[in-house]
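I have placed the structure first, in the form of structure tokens, so that the comments after it can refer back to it.
Just so we're clear, the structure is a prediction, and the values are computed from it rather than from any experiment.
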Amino acid sequence: MQILEAAGYSCTRAAASLGLFDIIALNARQIRLIQVKTNRNAPPAEREAMELFDAPPNATKEIWIFHDYKKIPVISLL
């Protein structure tokens with residue numbers, strides 16, 4: 001969330017809620033729906049559910065993977 005807030009987004013954390021996305025980030029033009037993982041990608045069923053999620057046209061669906069000791073994630077857009 002610090003990365004997003006530094007980029008001008010307002011963020012809400014929904015981790016451990018068993019929902020599809022851990023972070024919802026908003027600015028005046030965009031919505032970013034983000035699933036955060038550590039050292040692995042989302043399993044195929046979870047990834048498919050995120051892809052099928054009916055999001056507004058100005059929303060991106062993303063998976064952020066943080067690898068050990070890295071401060072910048074690998075970001076995949078769905």
Side-chain angles (χ1 to χ4, degrees):
M1 283 180 48
Q2 292 173 346
I3 294 168
L4 293 159
E5 288 170 345
Y9 288 89
S10 296
C11 301
T12 298
R13 184 173 181 265
S17 66
L18 302 178
L20 288 176
F21 301 100
D22 296 322
I23 298 172
I24 299 169
L26 307 163
N27 69 14
R29 296 176 305 230
Q30 185 179 24
I31 302 167
R32 295 174 76 173
L33 306 171
I34 301 167
Q35 177 63 244
V36 179
K37 299 291 185 190
T38 303
N39 293 321
R40 62 182 175 85
N41 206 335
E46 184 179 9
R47 190 177 178 95
E48 181 180 2
M50 286 186 281
E51 288 173 349
L52 294 173
F53 181 78
D54 188 22
N58 64 332
T60 59
K61 297 177 270 188
E62 308 174 19
I63 300 173
W64 288 27
I65 303 171
F66 284 88
H67 294 284
D68 286 337
Y69 309 108
K70 303 290 182 185
K71 294 183 181 191
I72 304 297
V74 174
I75 299 173
S76 300
L77 297 176
L78 301 176

Looking at side-chain heavy atoms only, is the closest gap between [X] and [Y] below 4.5 Å?
{"X": "Ile34", "Y": "Phe21", "value": "no"}
{"X": "Arg29", "Y": "Asn58", "value": "no"}
{"X": "Lys70", "Y": "Ile72", "value": "no"}
{"X": "Tyr9", "Y": "Ile3", "value": "no"}
{"X": "Asn39", "Y": "Asp68", "value": "yes"}
{"X": "Glu62", "Y": "Leu77", "value": "yes"}
{"X": "Arg47", "Y": "Leu78", "value": "yes"}

(message) If the threshold is 4.0 Å, N to carboxylate O, is there a salt bridge linking Glu51 and Lys61?
(response) no

(request) Would you sort out whether Val36 and Ile23 count as a side-chain contact (heavy atoms from CB on, under 4.5 Å), showing the intermediate values? (result) CA-CA 8 Å; Val36 179; Ile23 298 172; 4.0 Å; yes

(request) Show your reasoning for whether side-chain contact (heavy atoms from CB on, under 4.5 Å) applies to Trp64 and Val74. (result) CA-CA 6 Å; Trp64 288 27; Val74 174; over 6 Å; no

(message) Looking at Asp54, I want to see if its CG is surrounded by more than 12 non-hydrogen atoms of other residues, nucleotides or ligands under 6.0 Å.
(response) no

(request) Assess whether side-chain contact (heavy atoms from CB on, under 4.5 Å) is satisfied between Ile65 and Asn41, documenting all intermediate values. (result) CA-CA 7 Å; Ile65 303 171; Asn41 206 335; 3.9 Å; yes

